[in-house]
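First comes the structure, then the notes that go with it.
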Amino acid sequence: MPNLIHGRNAVLEAARAGRVAKIYLAAGLGHDPRLVEIARLAPVETVPPARLDAMAPGVNQGVAAELKPRREWSLRQLLDGRPTLLVALDSILDPQNLGAVIRSAEVAGADGAIVPEHRSAPLSPTAVKASSGASELLPIARVSGLPSAIVEVKRAGIWCVALDPRGESMAWEFDFRQPVCVVVGGEGAGVQRLVKERCDVRVKLPMKGRIASLNASAAAAALLYEVLRQRHAS
């Protein structure tokens, strides 16, 4: 079924955001305050557990939801809102990582995310569930190419900061209190060369162990909390 997400937190956040057209609950679920709230927010159909499992394979927690059409944001619309924190996702192909980065961005108070139309995981049910519903709350703009999008973001007076293991400075050495767009690269290759070249600065996180780097979602969360730390301290 198209536009179907599952998982209690993901469905609850989508319902709170007014994005749910219909909810499917497996028969025989125990009491959960989340289910009570979900049932107040959108029409509910109770179905046999086997039917729900067929509709939403995987760990669905007995809940699935049919979404209303997603609002399409343009980069210009994001920039017209005078954002102070954006997150750009470069070549993140794993839907779990995509969802996790979007979740961290929303929790950190980002005003929006920028995702390329190509070389990116789609906003699939897996990504939505990994975001715990944050993908239904955070404005997301799809762009044809990230290098040209970086140029447009910079023209709007926003610093573009690439997260790069070989960056020239530590994350805490940059002033994140000013409007910024944090650019996070995908698994393995990281931020692509042309995108890094068009960013204003490249920052890195300290690494003390024998593993060379964090995965994309963990690195993004660490950097976003450095942004929060600086802004809270000020």
Side-chain angles (χ1 to χ4, degrees), residues 71-94 97-106 108-123 127 131 134-135 138-205 213-228 230-231:
R71 174 179 173 177
E72 297 292 333
W73 289 80
S74 69
L75 180 56
R76 177 44 51 194
Q77 287 173 320
L78 281 188
L79 297 177
D80 284 346
R82 298 183 180 273
T84 61
L85 177 59
L86 296 173
V87 178
L89 294 83
D90 183 20
S91 304
I92 295 185
L93 304 177
D94 181 345
N97 266 340
L98 180 73
V101 174
I102 289 172
R103 180 178 184 176
S104 295
E106 202 284 327
D111 300 298
I114 303 168
V115 180
E117 292 176 351
H118 307 290
R119 290 188 55 77
S120 173
L123 278 171
S131 80
S135 61
L138 187 70
I140 299 173
R142 290 273 185 184
V143 296
S144 57
L146 204 52
S148 58
I150 293 298
V151 173
E152 190 172 347
V153 171
K154 290 169 65 175
R155 284 199 192 111
I158 298 170
W159 286 78
C160 291
V161 181
L163 182 55
D164 181 7
R166 291 172 292 280
E168 56 265 18
S169 58
M170 290 294 183
W172 55 80
E173 295 174 335
F174 183 80
D175 184 1
F176 282 106
R177 294 171 296 175
Q178 57 199 323
V180 293
C181 176
V182 171
V183 184
V184 181
E187 307 77 21
V191 178
Q192 59 178 307
R193 179 187 58 81
L194 187 54
V195 173
K196 282 192 289 190
E197 290 176 354
R198 294 191 178 181
C199 285
D200 297 293
V201 65
R202 294 173 296 176
V203 301
K204 59 186 176 182
L205 298 169
S213 64
L214 297 167
N215 75 6
S217 60
L223 183 58
L224 286 164
Y225 271 87
E226 173 58 19
V227 177
L228 277 185
Q230 290 190 21
R231 294 182 177 189

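Note that the structure is a prediction, hence the values are computed from the model and not measured. Positions are given from 1, in the same order as the sequence printed here.
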Once rounded to the nearest 0.5 Å, what's the spacing between atom [atom1] of [X] and atom [atom2] of [Y]?
X	Y	atom1	atom2	value
Leu228	Ser104	CG	OG	10.0 Å
Cys160	Ile114	SG	CD1	7.5 Å
Trp172	Leu205	CH2	CG	8.0 Å
Leu194	Ile150	CG	CD1	10.0 Å
Glu226	Arg231	CD	CZ	11.0 Å

Do the side chains of [Y] and [X] get nearer than 4.5 Å, heavy atoms only?
X	Y	value
Asp175	Gln230	yes
Pro83	Ile158	yes
Phe176	Leu85	no
Pro139	Leu78	yes
Leu146	Val191	no

Main-chain N/O of [Y] paired with [X] side-chain donor or acceptor, under 3.5 Å:
X	Y	answer
Asn97	Asn215	no
Arg142	Pro116	yes
Asp111	Leu86	no

- [ ] Applying side-chain contact (heavy atoms from CB on, under 4.5 Å), run through Leu75 and Val153 and close with a yes or a no.
- [x] CA-CA 8 Å; Leu75 180 56; Val153 171; 4.1 Å; yes

Identify the two heavy atoms, one from [X] and one from [Y], that lie closest to each other, and give their separation to 0.1 Å.
X	Y	result
Ala171	Val203	CA-CB, 3.9 Å
Ser120	Leu93	N-CD2, 3.6 Å
Ala121	Leu98	O-CD2, 3.3 Å
Ala110	Leu138	O-CD1, 3.3 Å

Task: Contacts of type ring-ring contact (aromatic ring centres under 6.0 Å, His included), residue Trp73, not counting sequence neighbours - done: none

Please list, chain by chain and in numerical order, all residues satisfying salt bridge (Lys or Arg N to Asp or Glu O under 4.0 Å) with [X], sequence neighbours excluded.
X	result
Glu152	Arg76
Glu117	none
Asp164	Lys196, Arg202

- [ ] With sequence neighbours excluded, tell me which residues meet side chain to side chain contact (heavy atoms under 4.5 Å, CB included) with Ala134.
- [x] Ile102, Arg103, Glu106, Ser131

Task: For Ala100, all residues meeting side chain to side chain contact (heavy atoms under 4.5 Å, CB included), sequence neighbours excluded - done: Ser217

